[in-house]
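Start at 1 and go down the list; that is how both ligands and their atoms are numbered. Values below: all heavy atoms of this structure, side chains included; hydrogens, waters and symmetry mates excluded.
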Amino acid sequence: MHILILGGDGYLGWPTAMYFSNRGHDVTVVDNYFRRNACTELDVGMLYPVPTLLERARIWHELTGREIKVVIGDLKDPEIIRSFFNGRVSYQWAVNQGFTGIPATVIHYAEQPSAPYSLINYKYANITVANNLLITNNLVWALRDFSRDTHVIHIGTMGEYGTPNIDIPEGWIEIEHKGRKDKFLFPRHASSLYHTTKIMDTDLLWFGVRMWDLRVTDLMQGPVYGMETEDSAIDNRLMTLFNYDEIFGTIVNRFVTQAVVGYPLTVYGKGGQTRGYLNINDTLQCVHISENTPAKKGELRIFNQIMETFSVNELAEMTRRVGAKLGYEVEINHLENPRKESEEHYYNPTYQGLIEIGVKPHYLTDDVMEGMFQVVANYQSNIRKDVIFKGIKW
Ligand SMILES: NC(=O)c1ccc[n+]([C@@H]2O[C@H](COP(=O)([O-])OP(=O)(O)OC[C@H]3O[C@@H](n4cnc5c(N)ncnc54)[C@H](O)[C@@H]3O)[C@@H](O)[C@H]2O)c1
């Protein structure tokens with residue numbers, strides 16, 4: 001199977017590329033280093049240096065004999081996406097990389113993925129809107145024009161739903177109104193401009209499904225934690241990028257890093273904010289199972305991709321407990337909340353769909369967090385305290 005990964009240099013994209021490559025798929029990754037360049041521009045640092053995408057593909061080939069094809073290109077350019085599907089590879093770079101065959105599955109990770117980034121100022125807001133919506137729209141039109149059977153797996157976010165005062169289903173809700181019934185996308189309440197673009201992505205994909213019978217799986221993912229996967233274990237140079245700053249770091253990754261470097265945990269406000277979480281290895285599993293059981297033609301299939309829920313206070317307590325066991329004295333600091341969000345709220349999402357099709361969850365236990373502490377501690381001298389919290393305001 002030929003699998004195309006948009007955003008293949010990213011936190012989730014690179015481990016996904018190795019995962020499918022290791023299972024015998026023909027994998028092509030596309031990226032323009034947006035994430036790395038944004039980290040450089042904003043000077044937020046990463047826990048350890050990561051070789052370029054081309055270098056990583058070369059290391060992967062040397063160690064496994066398997067090939068991951070790399071294309072460096074900006075997916076805002078429609079011609080780049082179209083060239084993967086129109087059977088006429090017009091780009092010399094693609095030919096040089098040995099590109100062949102129309103992808104059976106495209107995994108769409110290529111977005112500006114940070115809520116604080118999208119709210120730094122109008123410039124970053126514009127970048128987020130333009131980047132995320134153009135890429136998704138380009139993909140929809142390329143499939144419409146050349147390859148309606150290709151299965152799209154898009155990573156949405158649980159943040160599309162917000163924190164409503166009613167239970168959250170997996171994507172859809174049936175509404176009875178004045179004696180008549182119909183099924184709709186569940187009402188969405190984004191908590192940032194980034195999350196708003198993810199809602200609009202879902203709408204663009206839903207439009208393509210209704211108009212042109214595209215097949216789409218949209219995975220509403222919660223914040224991911226962890227950095228090690230089975231495939232990266234063979235060589236440290238294959239580890240995925242890891243941010244611990246306020247802009248690009250996800251909360252568990254940030255808390256563990258803060259604990260290791262003796263920075264009081266940055267809990268925003270009361271800390272009752274509750275979300276669904278998952279291990280990076282479960283992202284791979286969920287995407288793999290979705291690829292194995294594709295959405296039907298003309299179907300927008302939505303799963304909530306989380307394995308368990310925690311409040312920020314529960315995560316902070318767990319970090320303190322695990323840190324104490326390892327000899328770290330972890331302090332918890334309730335900061336004035338720079339975000340506009342409910343700090344105490346009802347939260348009851350459904351997340352059975354992926355488990356029903358075969359996903360076996362990994363949970364965030366003390367042992368799992370201890371493993372993360374050990375990896376982060378190896379790079380303690382790289383950690384910059386000045387990038388941990390800047391307080392980007394909503
Ligand atoms: N990591 C999480 O916890 C999490 C949670 C929920 C949803 N998501 C979603 O999952 C997806 C992947 O997230 P991630 O954490 O791996 O983010 P990431 O930033 O590490 O990966 C995205 C990749 O896409 C690339 N990209 C962005 N714009 C591009 C463009 N115009 N052309 C080519 N490449 C481009 C980036 O350079 C980056 O390598 C995103 O859509 C994100 O919204 C992530």
Tell me, which protein residue and heavy-atom name are nearest [atom], and how many Å apart are they?
atom	result
atom 28 (N) of ligand 1	N131 ND2, 3.0 Å
atom 37 (O) of ligand 1	D31 OD1, 2.6 Å
atom 40 (C) of ligand 1	Y109 O, 3.4 Å
atom 35 (C) of ligand 1	N32 OD1, 3.1 Å
atom 16 (O) of ligand 1	L12 N, 2.9 Å
atom 2 (C) of ligand 1	V224 CG2, 3.7 Å
atom 43 (O) of ligand 1	Y194 OH, 2.5 Å
atom 32 (N) of ligand 1	L75 N, 2.9 Å

Sub-3.5 Å N/O-N/O distance, [X] and ligand 1:
X	value
T250	no
Y11	yes
I135	no
H108	no
L241	no

Would you kindly specify which portion of [X] sits under 4.0 Å from ligand 1, judged on non-hydrogen atoms: side chain, backbone, both or neither?
X	value
Q112	neither
F248	neither
L6	neither

Would you indicate which of [options] comes nearest to [atom] when only heavy atoms are counted?
atom	options	value
atom 41 (O) of ligand 1	R35, K198, M220	K198
atom 7 (C) of ligand 1	G10, G156, P223, P15	G156
atom 8 (N) of ligand 1	E111, Q221, Q305, R275	Q221

Would you indicate whether [X], at its atom [atom1], is surrounded by more than 12 heavy atoms from other residues, nucleotides or ligands within a distance under 6.0 Å?
X	atom1	answer
E230	CD	no
Y122	OH	no
M200	CE	no
K270	NZ	no

In terms of atom number and element, which parts of ligand 1 are under 4.0 angstrom from non-hydrogen atoms of [X]?
X	value
D74	30 (C), 31 (N), 32 (N)
I155	7 (C), 8 (N), 9 (C), 10 (O), 41 (O)
D9	39 (O)
Y33	37 (O)

Problem set entry | D218: side-chain hydrogen bond (donor to acceptor under 3.5 Å, both in side chains) partners, not counting sequence neighbours |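 For D218 the side-chain hydrogen bond (donor to acceptor under 3.5 Å, both in side chains) partners, ignoring immediate neighbours, are H154, T202.
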Problem set entry | R275 NZ/CZ over Y277 ring centroid, <6.0 Å and within 45° of normal | no
Okay, side chain of [X], backbone of [Y]: is any donor-acceptor separation there less than 3.5 Å?
X	Y	value
E160	M220	no
Q112	Y194	no
R188	F186	yes

So, are [X] and [Y] salt-bridged, with charged N and O less than 4.0 Å apart?
X	Y	answer
E111	K198	yes
D245	K390	no
R320	E317	yes

For this session: Go through the steps for F373 and Y328 under the test ring-ring contact (aromatic ring centres under 6.0 Å, His included), then give the verdict.
Result: CA-CA 10 Å; F373 263 83; Y328 297 98; 5.5 Å; yes
Problem set entry | Non-hydrogen atom of G73 closer than 4.0 Å to ligand 1 |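 A heavy atom of G73 does come that close to ligand 1.
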Problem set entry | G159 to ligand 1, any heavy atom closer than 4.0 Å |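 Outside the 4.0 Å threshold, so no.
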For this session: Compare every heavy atom of F248 with every heavy atom of C39, then report the nearest pair and how far apart it is.
Result: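 Result for this residue pair: SG-CD1, 3.7 Å.
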Exercise. When the aromatic ring centroids of Y263 and F389 are compared, is their separation below 6.0 Å?
Worked result: no
